[in-house]
Amino acid sequence: KNEVEQSPQNLTAQEGEFITINCSYSVGISALHWLQQHPGGGIVSLFMLSSGKKKHGRLIATINIQEKHSSLHITASHPRDSAVYICAVGQGGSEKLVFGKGTKLTVNP
Amino acid sequence: DTGVSQNPRHKITKRGQNVTFRCDPISEHNRLYWYRQTLGQGPEFLTYFQNEAQLEKSRLLSDRFSAERPKGSFSTLEIQRTEQGDSAMYLCASSLVEQGLYEQYFGPGTRLTVT
């Protein structure tokens with residue numbers, strides 16, 4: 001069993017829909033990261049959080065430390081949101097990241 | 001551009017050849033990480049540096065792999081006697097260690113194809 005599990009693996013939505021991507025982890029963490037990866041490989045950090053909730057524009061990330069679960073929400077989805085969204089957890093003093101396999105999101109116009 | 005840069009962006013090599021990748025982190029960042037990502041998978045940790053010291057290496061990093069960060073600035077990752085299984089995207093990330101949480105900034109990656 002992977003230390004970081006994401007669901008769903010693939011998600012197709014219509015423009016304007018509310019989207020939720022889930023992440024569960026089984027190890028102790030210092031922080032949880034949500035990352036966005038576009039075709040071609042570049043990774044952009046969306047959120048880093050250790051408790052509660054954060055919001056940037058149409059994106060919201062929440063974490064429940066007791067349940068070892070995090071969600072990424074996208075409100076009013078748009079085709080430009082189409083990308084792979086990756087959940088990763090930081091571990092130990094090194095803060096090395098352990099990644100989930102990613103969720104491929106496609107938003108159709 | 002003050003982000004993390006990686007060179008080359010793409011590398012095609014024949015099995016058995018040696019390859020070297022370079023990562024230039026954000027200038028004030030003291031931590032540098034190397035990750036590897038194969039098709040359809042999330043990235044996996046390879047190694048990291050704090051300043052010039054290599055502090056941890058994954059078991060994924062066989063003896064054919066070596067990484068350096070002379071003077072605590074740029075880093076190089078060398079793969080000797082490449083194998084087809086080395087084909088992957090090699091990602092570099094850097095962060096600044098201060099009090100609190102440490103966000104990592106990623107470079108665009110070097111895509112290696114071993115034929």
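Throughout, protein chains are lettered first and strands after them, A, B, ... in sequence-line order, and every chain is numbered starting at 1.
- Chain B forms more heavy-atom pairs under 4.5 Å with one residue of I43(A), L35(A), V44(A) than with any other, namely I43(A).
- Residues Y33(B) and L97(A) have side chains not in contact (no heavy-atom distance under 4.5 Å, counting atoms from C-beta outward).
- With a 4.5 Å cut-off on non-hydrogen atoms, Y105(B) does not touch chain A at all.
- Note on L59(A) and L49(A): same hydrophobic cluster, where clusters join Ile, Leu, Val, Met, Phe, Trp and Tyr whose side-chain heavy atoms are under 4.5 Å apart, directly or indirectly.
- The environment of CD1 in I12(B) is sparse: at most 12 heavy-atom neighbours from other residues, nucleotides or ligands sit within 6.0 Å.
- Under 4.0 Å is where a charged nitrogen must lie from a carboxylate oxygen, and between E56(B) and K96(A) at least one such pair does.
- With a threshold of 4.5 angstrom between heavy atoms, P43(B) approaches chain A through its backbone and through its side chain.
- Ranked by heavy-atom pairs under 4.5 Å with chain B, the list Q37(A), Q6(A), K104(A) is led by Q37(A).
- Dense packing is recorded around CD of E52(B), with more than 12 heavy atoms of other residues, nucleotides or ligands lying under 6.0 Å away.
- Counting heavy atoms of neighbouring residues, nucleotides and ligands inside a 6.0 Å radius, atom CD of E67(A) does not exceed 12 of them.
- Note: the hydrophobic cluster containing V4(A) also contains I29(A) (ILVMFWY, side chain heavy atoms under 4.5 Å, direct or indirect links).
- Contact count versus chain B (heavy atoms, under 4.5 Å) is highest, among G102(A), S94(A), G90(A), for S94(A).
- In R15(B), the CZ atom is not crowded: 12 or fewer heavy atoms of neighbouring residues, nucleotides or ligands sit closer than 6.0 Å.
- Proximity to chain B is absent for every atom of Q9(A), based on heavy atoms less than 4.5 angstrom apart.
- Of the residues considered (R9(B), Q6(B), R31(B), M89(B)), R31(B) shows the highest number of contacts with chain A, using heavy-atom pairs under 4.5 Å.
- Taken to the nearest 0.5 Å, the CD1 atom of I86(A) stands 5.5 Å off from the CD atom of Q37(B).
- For the pair E95(A) and Q104(B), the tightest heavy-atom approach, listed with the atom from each and the gap, is O-NE2, 2.9 Å.
- In terms of hydrophobic clustering, with Ile, Leu, Val, Met, Phe, Trp and Tyr side chains grouped at heavy-atom distances under 4.5 Å, V84(A) and Y35(B) are assigned to a common cluster.
- The cluster map of Ile, Leu, Val, Met, Phe, Trp and Tyr, joined by side-chain heavy atoms under 4.5 Å apart, puts F18(A) and I21(A) in different clusters.
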